[in-house]
Amino acid sequence: MFGVSFGQTAKPLFETYVHDPVVIKQDNRFYLFCTGNGITVYSSNDLNNWKPENQVFDKAPEWTKNVVIDFKNHIWAPDISFHNGQYYLYYSVSSFAKNTSAIGVATNKTLDSKSKNFKWVDLGIVIESVPNRDMWNAIDPNLIFDENNTPYLSFGSFWSGLKLVKLNKNLTSIAEPQEWHTIAKRERSFKLDDKDPGDAALEAPFIFKKDGFYYLFVSFDLCCRGKDSTYKVVVGRSEKITGPYVDDKGIAMNEGGGKLLIEGNENWFGAGHNSVYSFDGKDYIFYHAYDAHKNGFPVGQKSELIWTNGWPSLLNPLK
């Protein structure tokens, strides 16, 4: 697929290979995790210029070979959070275009690789999807807490839509009795085999809390296809973490709704798979876009978010 050069020179985000970015701040430094061999990592002191760091996993976690037989440590769509005094890094293991998939989690006391306490500890599978059993796909995780500090994991792609499931307080397993919600989906053709991802193209849920609402950001259409990528980002909101999430026209996202936020143009074949954060009093959205002038090479993008009547837009949209 696309390659990554791990020199030590910091480069602007829009010139850096990035796919499915998530970001967190520790002390005065930002860390970006994204899809790549062993999970790609960058760091920055200004959110603009990013320096490559060592990948999270030098070799694939042992359990992955029991999920994807030919897995070669190319890990998708991580999610990073800080809770209970440590960092939780969720990540996706999958076969492309199949729901032979699982979400795993690893922890670390610090993100500073120079610290004596720096060590990634893999805790294994949190959720697994199996073809011919599940009509959902265990990829693209995002950890979110409700107003009672109850943890939930949103995730999914294609098939019957995007899911939200309650986790135990240890953040490593599904809470019992299990509580599942479909938070977004699109219409799927009945004629398709259950193993087929289908034509209801959506993935990459990310939930962000602001001013009494939970905002659900979702990527529609197709990623990972270079010049044929059609990725775009839509958003809806709910007063409850479990939904229903509705767009600005009142259409529920689990009925195909979603307010358009980001799409490609003549310079970008597609743009999507976002994450959203508040840093130093400002809200930011991070995502990747496929550069039309570089044969669809995916690079990082960010913009400050501005809010009008309770809905977000980009201060610096794609040009």
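Of the inter-residue distances, the one linking W136 atom CH2 with L162 atom CG reads 12.5 Å to the nearest 0.5 angstrom. Once rounded to the nearest 0.5 Å, the distance linking CD1 of I24 with CZ of F30 reads 11.0 Å. Taking CG of D146 as the reference point, atom OG1 of T242 lies at 9.0 Å (rounded to 0.5 Å). One finds the CZ atom of F14 at 8.5 Å from the CD atom of Q301 (value rounded to the nearest 0.5 Å). With rounding to the nearest 0.5 angstrom, the CD1 atom of I207 is 9.5 Å from the CG atom of L153. Rounding to the nearest 0.5 angstrom, the gap separating the CD1 atom in I80 from the OG atom in S275 is 11.5 Å.
Checking K163 against T182 by side-chain atom types alone, a donor-acceptor pair falls below 3.5 Å. For the residue pair N48 / K302, a side-chain donor-acceptor distance below 3.5 Å is found, with atom types taken as modelled. Counting only N and O atoms by type, the side chains of S101 and N137 include a donor and acceptor under 3.5 Å apart. Side chains of T110 and N117: a donor-acceptor N/O pair is absent below 3.5 angstrom, by distance only. Defined by atom type and a distance below 3.5 Å, a donor-acceptor pair is present between the side-chain atoms of D283 and W307. Side-chain N/O atoms of S129 and N99 include no donor and acceptor closer than 3.5 Å.
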### Task
Any chance you could lay out the ring-ring contact (aromatic ring centres under 6.0 Å, His included) test for Y87 and Y31, step after step, and finish with the verdict?
CA-CA 12 Å; Y87 293 90; Y31 294 85; 8.1 Å; no

### Task
Verify side chain to side chain contact (heavy atoms under 4.5 Å, CB included) between F217 and I262, making sure each step is shown before the conclusion.
CA-CA 10 Å; F217 297 82; I262 304 171; over 6 Å; no

### Task
Determine, step by step, whether L314 and Y287 satisfy the side chain to side chain contact (heavy atoms under 4.5 Å, CB included) criterion, reporting the C-alpha distance in whole Å, the side-chain angles of both residues, the deciding distance to 0.1 Å, and the verdict.
CA-CA 12 Å; L314 276 61; Y287 58 102; 3.8 Å; yes

### Message
Evaluate W50 against V23 for side chain to side chain contact (heavy atoms under 4.5 Å, CB included), listing each step before the verdict.
### Response
CA-CA 12 Å; W50 295 85; V23 180; 4.2 Å; yes

#### Entry: Audit row: C223, Y290, side chain to side chain contact (heavy atoms under 4.5 Å, CB included) steps and yes/no
CA-CA 9 Å; C223 82; Y290 300 95; 3.5 Å; yes

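The aromatic rings of W120 and F33 lie perpendicular to each other, with more than 60° between the two planes, well past the 30° mark. Relative ring orientation between W180 and F155 is described as perpendicular, the plane-to-plane angle rising above 60° on a 0-90° scale split at 30° and 60°. Using the six-membered ring where Trp is involved, Y231 and H273 have ring planes that are tilted, between 30° and 60° apart. Taking the six-membered ring where the residue is Trp, Y215 and W311 present perpendicular rings, their angle passing 60° and hence far from 30°.
The only member of L111, L32, V41 that meets side chain to side chain contact (heavy atoms under 4.5 Å, CB included) when paired with E53 is V41.
For the residue pair T172 and N170, the shortest heavy atom distance occurs at N-OD1, 2.9 Å.
Side-chain contact between L171 and V105: absent, with no pair of heavy atoms (C-beta onward) separated by less than 4.5 Å. S229 has its side chain out of reach of L222: every pair of non-hydrogen atoms, C-beta onward, lies at least 4.5 Å apart.
For an aromatic pair to be called close, the ring centres must be under 6.0 Å apart, and Y245 with F213 fails this.
Remark: the backbone N or O of N316 is paired with a side-chain donor or acceptor of S303 at under 3.5 angstrom.
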